[in-house]
Amino acid sequence: MRTIIVGFDSFAPGTFERLLEQGQMPNLAKFANAGGYSRLEVCSPPQTEVSWTSIATGVDPGSHGIFDFVHRDPATYIPYVSLLPTRLSAVGEQFIPPYTTKTLFHEAADMGFPSTALWWPALFPARPEYPVGTIPGLGTPDIRGQLGVGIQMTSEPSEKKKTQVLKLESAGRGKFNGLLEGPKTKTKDGIKPVVQPLTVDVLDEISVRLTLGKQRLDLKLGQWSPILEVQFQAGFMSTIHAITQVILTEVKGRVSLYFLPLQIHPLHSPWHYATPSSLVKDAWNGAGPFLTLGWPQDTNALEDGCITDEQFLSLCDSIFESRKRVFYRRLDNFKEGVLAGIFDCLDRVQHMFLRDRTDIVQDWYLKLDGFVGDVQGRIDRLGLQKYRYMVMSDHGFTTFEHKVHVNHWLVQNGYMTLADPSGNDLSKVDWSRTRAYALGLNSLYLNVAGREGQGIVQAAELESLLEEIRTKLLDWRTPNGETVMTRVIPKHEAFTGPYARLGPDLVLGYAPRYRASSETGLGKIGATSLEANTDHWGADHCIDSQAVPAVLFANRDVVNMPGLSFRDLPFLALGKHLDQSYIKPPSQMGPQGQKDLEERLKGLGYL
């Protein structure tokens with residue numbers, strides 16, 4: 001068996017088909033002209049971590065247990081991050097796998113073949129007990145255990161929504177000192193961040209010299225540094241290793257540097273980062289350094305105004321190039337088994353530019369088409385016989401013009417009551433008079449007696465209440481008559497499998513151009529039910545899954561296989577369906593507070 005999978009996060013069929021008609025997709029056109037192209041049905045909800053997990057396992061969330069970016073503990077209503085579940089142990093808080101369902105990669109290994117998954121979401125932490133090579137993607141935290149918060153260091157006062165701001169203190173003409181903060185650790189004075197001193201010397205109007213620990217490098221205005229290795233002393237004979245990149249963003253009037261989130265050093269990780277160790281060592285030493293954060297394209301820095309559009313796009317280019325080098329290194333030595341790689345820069349580019357700069361998005365589609373051709377050329381040079389070459393995405397894309405505050409709508413329609421009218425999150429809800437609440441980007445729950453900690457909805461009321469709320473949401477219209485939601489799916493229709501009972505009671509399928517607000521995602525109320533989206537983040541996919549189908553290209557006939565969906569991918573990759581009859585219980589999450597949740601989720605652009 002020889003299967004090569006290239007995943008393009010958010011590659012949309014509508015955009016591809018338009019460019020295909022214009023003759024601008026020469027490499028993917030070869031698949032389409034040979035009957036090897038099809039639109040692909042995606043799972044509900046069409047969130048990145050949900051969809052790629054469903055593709056890898058061939059089952060919907062009811063059988064793998066990831067329903068949304070944010071889940072909740074029904075006993076306490078406390079939300080937690082589905083991608084980064086943790087559990088307290090004797091050695092402190094530990095990350096645990098977000099799901100336990102069998103993947104096509106594990107099946108290939110069980111069949112006796114080498115199996116490698118590069119940057120596939122929800123594969124952190126690594127599972128060393130399985131003979132599968134992994135470098136994880138979305139869901140990999142930074143060195144602080146969060147999903148990625150960058151640092152602006154500046155000589156003048158500054159406030160940012162998500163970005164941490166640290167002061168550069170003047171130390172004489174054209175000289176500044178500062179402390180780069182790393183992860184927090186216990187000290188005799190309490191929990192405090194470890195720090196690394198740095199010095200900035202202004203050289204001229206476009207450059208500075210940065211001294212960071214024992215490293216010294218010159219930075220040019222607007223240009224990213226190479227990947228830097230940073231060491232923090234966390235106590236006697238304890239060193240924390242991290243990696244980052246830095247860019248000089250201002251030097252006249254004020255001096256400002258921006259550091260990418262401090263990330264796990266793949267060769268010195270405090271957690272199980274990748275497996276086996278030989279894979280990541282070979283990638284780092286043989287293909288060159290690469291960023292390890294699950295969301296390395298720093299959309300927060302762009303949204304906060306820390307970097308410009310051009311600087312963000314330059315970062316995306318460098319991330320794509322570094323991943324290509326790692327993937328090519330594995331491909332050039334490929335003989336049999338499964339080799340898969342996810343390339344997700346297009347997703348971040350579309351989030352930030354699809355609404356206002358379609359030319360930038362189109363350039364990325366052309367770039368990915370060229371990459372498909374390069375991979376085919378390398379396969380040809382290997383002289384492989386009887387191989388499967390598959391290119392796919394996890395969902396499509398659309399513009400995001402209106403934020404939907406679902407909990408505010410629930411309050412307005414009498415399904416939720418606030419104990420404190422000024423309250424803005426679930427901790428201020430009067431549960432004795434609340435029948436429904438929203439948490440996550442596509443999830444709505446009933447306050448069920450015997451399931452929720454303070455549930456009041458009785459079993460006899462469930463069906464009628466669900467249908468009542470569903471009907472009202474589908475009838476919801478804006479003042480100009482637009483539909484807010486095109487599908488609202490009951491749990492029993494959306495999910496199959498042993499975990500279905502753990503999922504939301506209704507899956508909210510927003511109409512194109514509408515999406516849950518970040519406040520809704522975090523279980524907050526909002527000041528109004530609908531709000532215009534003026535953020536730089538102007539496009540999304542967390543809507544009705546039927547509105548954002550994915551793509552599948554294969555070096556075989558798929559055009560005559562109607563109704564292809566995520567459920568078919570393991571069979572197309574391996575030639576057999578996965579046996580999921582021995583599904584293990586889902587990972588059991590330890591408690592998290594709202595503050596912990598928000599800190600951990602800051603790096604996720606959706607929220």
Side-chain angles (χ1 to χ4, degrees), residues 45 47-50 53 61 64-88 93 95-99 121-122 138-139 141 144-149 162 294-295 403-411 415-416 418-420 423-431 434-448 451-455 491 499 501-508 515-526 542 586-607:
Q47 298 182 17
T48 296
E49 82 295 359
V50 179
T53 302
H64 62 66
I66 300 180
F67 297 94
D68 203 304
F69 280 117
V70 180
H71 291 175
R72 98 291 185 220
D73 176 359
T76 62
Y77 307 94
I78 292 176
Y80 65 90
V81 187
S82 65
L83 277 170
L84 279 179
T86 60
R87 182 184 298 153
L88 288 176
E93 188 178 49
F95 292 112
I96 56 177
Y99 68 94
L138 181 65
R144 298 169 174 173
Q146 301 172 1
L147 288 173
V149 178
K162 290 188 175 182
W295 189 286
K403 300 178 181 180
V404 184
H405 297 283
V406 181
N407 283 315
H408 188 276
W409 182 90
L410 290 172
V411 171
Y415 298 109
M416 175 182 284
L418 298 177
D420 178 357
N424 192 36
D425 61 51
L426 296 183
S427 68
K428 302 298 190 294
V429 167
D430 180 351
W431 294 108
T434 290
R435 292 183 289 166
Y437 60 102
L439 181 70
L441 293 179
N442 296 88
S443 300
L444 186 146
Y445 301 89
L446 297 186
N447 190 27
V448 179
R451 184 185 72 179
E452 266 70 10
Q454 302 176 58
K491 174 192 300 185
Y499 303 158
R501 60 184 176 80
L502 304 176
D505 296 303
L506 292 175
V507 179
L508 306 181
R515 200 210 76 180
S517 63
S518 59
E519 289 87 348
T520 296
L522 294 169
K524 296 187 176 183
I525 312 303
C542 300
S587 297
Q588 295 299 308
M589 173 69 193
Q592 275 182 302
Q594 182 74 23
K595 183 178 179 181
D596 293 334
L597 172 88
E598 294 187 29
E599 284 298 313
R600 190 150 280 168
L601 280 174
K602 273 185 178 180
L604 198 61
Y606 300 94
L607 301 172

Would you find a donor on one side and an acceptor on the other, under 3.5 Å apart, between the side chain of Glu49 and the backbone of Leu138? no
Are any of the side-chain heavy atoms of Leu426 and Met416 separated by less than 4.5 Å? yes
Could you pull out all residues at least two apart from Ser443 that satisfy side chain to side chain donor-acceptor pair (under 3.5 Å)? Asp68
Residue set satisfying side chain to side chain contact (heavy atoms under 4.5 Å, CB included) with Ser427, at least two apart, ordered chain then number -> Asp425
I'd like to know if the side chain of Asn442 reaches the main chain of Cys542, judged simply by a donor and an acceptor atom lying under 3.5 Å from each other, with no hydrogens or angles considered. yes
First locate atom NE2 of His71, then atom CD1 of Ile78, and finally report the distance between them rounded to the nearest 0.5 Å. 16.0 Å
Between atom NZ of Lys524 and atom NZ of Lys428, what is the distance when rounded to the nearest 0.5 Å? 10.0 Å
What distance separates Gln454 CD from Thr76 OG1, expressed to the nearest 0.5 Å? 10.0 Å
Can you tell me if Arg451 and Tyr445 form a side-chain donor-acceptor pair at under 3.5 Å? no
Of all heavy-atom pairs between Asp505 and Leu446, which one has the smallest distance, and what is that distance? OD2-N, 2.7 Å
Partners meeting salt bridge (charged side-chain N to carboxylate O under 4.0 Å, His left out) with Asp430 (sequence neighbours left out): Arg433
Taking all non-hydrogen atoms of both residues, which atom of Pro85 and which atom of Pro97 are closest, and how far apart? CG-O, 3.9 Å
For the side chain of Ser82 and the backbone of Phe67, is there at least one donor-acceptor N/O pair under 3.5 Å apart? no
Name the orientation class of the two ring planes belonging to Tyr77 and Trp431 (parallel below 30°, tilted from 30 to 60°, perpendicular beyond 60°). parallel
Enter the distance from Leu418:CG to Asn407:CG here, rounded to the nearest 0.5 Å. 9.0 Å
As an exercise, state the distance from CZ of Arg501 to NZ of Lys491, rounded to the nearest 0.5 Å. 9.0 Å
Check: Val149 main-chain N/O paired with Lys162 side-chain donor or acceptor under 3.5 Å: no
Going through the distances and angles, do Asn447 and Val429 end up as a side-chain contact (heavy atoms from CB on, under 4.5 Å)? CA-CA 11 Å; Asn447 190 27; Val429 167; over 6 Å; no
What I'd like to find out is whether the side chain of Trp295 reaches to under 4.5 Å of the side chain of Leu147, using heavy atoms alone. no
Side chains of Leu410 and Leu444, heavy atoms from C-beta outward: is any pair under 4.5 Å? yes
What one should report as the nearest heavy-atom pair of Gly423 and Ile525 is O-CG1, 4.0 Å
How far apart are the closest heavy atoms of Pro79 and Val70, and which atoms are they? CB-CG1, 3.7 Å
Using a 3.5 Å distance criterion without hydrogens, assess whether the side chain of Asn424 forms a donor-acceptor pair with backbone atoms of Gly526. yes
Mind checking whether Trp409 and Tyr415 have parallel, tilted or perpendicular rings, split at 30° and 60°? parallel
Here the pair of heavy atoms bringing Val404 nearest to Thr520 is O-OG1, 3.1 Å
Identify the two heavy atoms, one from Leu441 and one from Ser517, that lie closest to each other, and give their separation to 0.1 Å. CD2-O, 4.2 Å
